[in-house]
Trainee: 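Here you go, one structure.
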Amino acid sequence: MHPDGEKLMNLQRYDLEARRLRDEMNALPKLVSQLEAAARATVGQRAVVIDLIAKEEALRRRQESDIRDKQEKIARVKRQMDAATSAVQVNAFDHEIAYLQGEIASLEDAELESMERSEELEKQNHLANEAVAAAEKKFAVERERATATIALNKVALADVEARRATVRAAIGEDALSLYDRIARAKGTGMAEALNQKCTACQMLLRPQRWNELRDRDNLDLLTCESCGRLLFYDPARDSPQRKVVPFESIAAQIVRGS
Ligand SMILES: [Zn+2]
């Protein structure tokens with residue numbers, strides 16, 4: 001194991017933690033503004049319903065005014081009829097009254113239909129109010145949570161950056177630049193080798209590489225031959241129950257009869 005192996009592993013932990021903290025701090029304001037937009041959208045949907053309710057009310061006011069006009073006209077015609085002098089005139093006034101009464105009946109039907117629509121719209125308005133309240137509450141709660149999390153992350157990030165700087169200062173220049181190069185390309189520079197596997201890419205290490213890695217006298221930085229990450233081996237984490245059996249070909253297994 002290279003003398004800086006463990007420090008590089010620690011550096012990677014700090015790098016990943018710093019990245020997680022930064023990603024979270026960047027993502028939270030976006031989440032909050034999405035929730036704000038969602039709350040605004042519910043207010044917009046409610047405004048459409050409120051507008052439709054107002055239109056129905058205006059429509060009914062016109063219908064009622066029309067009905068009153070026609071009722072007054074009927075009263076006028078009836079007064080004229082009282083003064084009529086011939087059966088023809090009486091007949092003509094009767095026709096006019098019947099016609100006006102027919103129009104009043106259609107207006108009353110239309111008014112009933114409008115009231116039914118208003119009832120339905122009031123139900124929608126009630127649901128829209130609930131949706132607005134829920135969306136605004138969610139926005140307020142998440143905004144507060146985001147503010148608190150960002151403040152905590154800032155403190156945590158300063159701590160992680162300090163630890164990161166300390167561990168970087170203790171790592172040799174060559175090992176550090178190699179780690180940085182791999183980390184930039186792969187996202188992570190180190191991978192723990194456990195039970196003969198690279199835990200980053202899950203590929204099995206060749207027995208020779210595995211033996212080199214476990215050799216205490218070997219001070220080289222070894223990389224995974226599949227993903228290219230630097231390998232770290234911790235004997236304390238290598239479970240004795242799961243010791244890897246030596247590689248055996250399928251042919252050999254068949255010969256052995258297993
Ligand atoms: Zn690998």
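Since we're looking at a predicted model, the values are computed, not measured. Counting starts at 1 for both ligands and their atoms, following the listed order.
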Trainee: Under a single-linkage rule joining Ile, Leu, Val, Met, Phe, Trp and Tyr whose side-chain heavy atoms are separated by less than 4.5 Å, which residues share a cluster with L52?
Mentor: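 Besides L52, the hydrophobic cluster comprises V48, V49, I53, L121, listed by chain and residue number.
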
Trainee: Considering residues at least two apart in sequence or located in another chain, which fulfil the salt bridge (Lys or Arg N to Asp or Glu O under 4.0 Å) criterion with R76?
Mentor: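 Applying salt bridge (Lys or Arg N to Asp or Glu O under 4.0 Å) to R76 gives none.
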
Trainee: Using distance alone, with no hydrogens and no angle criterion, decide if E130 and H126 have a side-chain donor and acceptor under 3.5 Å apart.
Mentor: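 Note: E130 and H126 side chains meet the donor-acceptor criterion.
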
Trainee: Only counting residues at least two apart or in another chain, list the ones meeting side-chain contact (heavy atoms from CB on, under 4.5 Å) with T85.
Mentor: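 Partners of T85 by the side-chain contact (heavy atoms from CB on, under 4.5 Å) criterion, ordered by chain and then number, come out as Q89.
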
Trainee: Which residue in the set E56, R60, E57 passes side-chain hydrogen bond (donor to acceptor under 3.5 Å, both in side chains) when paired with S118?
Mentor: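 Answer to the side-chain hydrogen bond (donor to acceptor under 3.5 Å, both in side chains) test with S118 among E56, R60, E57: R60.
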
Trainee: Using distance alone, with no hydrogens and no angle criterion, decide if N129 and R46 have a side-chain donor and acceptor under 3.5 Å apart.
Mentor: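 Short answer, yes.
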
Trainee: For the Zn ion (ligand 1), check which protein N, O or S atoms are under 2.8 Å away and list them.
Mentor: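 Short answer, with waters excluded from the count: C198 SG, C201 SG, C224 SG, C227 SG.
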
